[in-house]
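Atom set for the values below is all heavy atoms of this structure, side chains included, hydrogens, waters and symmetry mates excluded.
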Amino acid sequence: MEVDEFRTYSELIEESSTLAFPGLVLAETVWQAVGSSSAFRPFSPRYVWKLYEGEVYKPLMTSPDLKSKLNELLAVG
């Protein structure tokens, strides 16, 4: 989690209706203070988290060179 999302407890509470940050870990007391969203799962004793499912790695789409080569192959087929 980048600190630019919220830096203080009061900012976290203000944003509590939109806590959609995958991988966010909260103390149970904080989780209860922000509404006990069912999107969070047990993480460790006294902590919950919003499951982080990872990123989708698409190297052919992120590299302009590989993307153009892929487009060439698709145009031929």
Side-chain angles (χ1 to χ4, degrees):
M1 175 60 55
E2 294 294 330
V3 295
D4 63 342
E5 301 296 337
F6 42 82
R7 294 162 292 283
T8 65
Y9 180 77
S10 61
E11 288 178 336
L12 173 65
I13 297 302
E14 289 171 10
E15 298 293 325
S16 65
S17 64
T18 59
L19 288 179
F21 308 110
L24 178 63
V25 176
L26 297 174
E28 284 183 346
T29 54
V30 174
W31 172 66
Q32 291 166 352
V34 297
S36 304
S37 169
S38 63
F40 285 80
R41 303 282 179 253
F43 181 74
S44 67
R46 299 184 311 266
Y47 293 90
V48 295
W49 78 316
K50 181 148 175 75
L51 185 63
Y52 178 74
E53 297 178 359
E55 301 292 327
V56 176
Y57 182 58
K58 296 182 179 179
L60 294 177
M61 296 299 136
T62 57
S63 166
D65 184 47
L66 290 175
K67 186 175 180 178
S68 67
K69 290 181 191 249
L70 175 63
N71 288 336
E72 287 175 25
L73 287 172
L74 293 173
V76 172

Checking Trp31 side chain against Ser37 main chain: does a donor-acceptor pair fall under 3.5 Å?
-> yes
In one Ile/Leu/Val/Met/Phe/Trp/Tyr side-chain cluster, 4.5 Å: Val48, Leu51 |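 No, Val48 and Leu51 fall in different hydrophobic clusters.
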Do Val25 and Val30 belong to the same hydrophobic cluster, where Ile, Leu, Val, Met, Phe, Trp and Tyr are linked whenever their side-chain heavy atoms lie under 4.5 Å apart, directly or via other members?
-> no
CZ (Phe43) and CG (Leu26) are apart, to the nearest 0.5 Å, by 11.0 Å
Atom OH in Tyr47, atom CD in Glu28: separation rounded to 0.5 Å?
->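 The CD atom of Glu28 is 9.5 Å from OH of Tyr47, to the nearest 0.5 Å.
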Looking only at heavy atoms, what is the nearest atom pair of Gly23 and Trp49, with distance?
->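 Result for this residue pair: CA-CE3, 4.1 Å.
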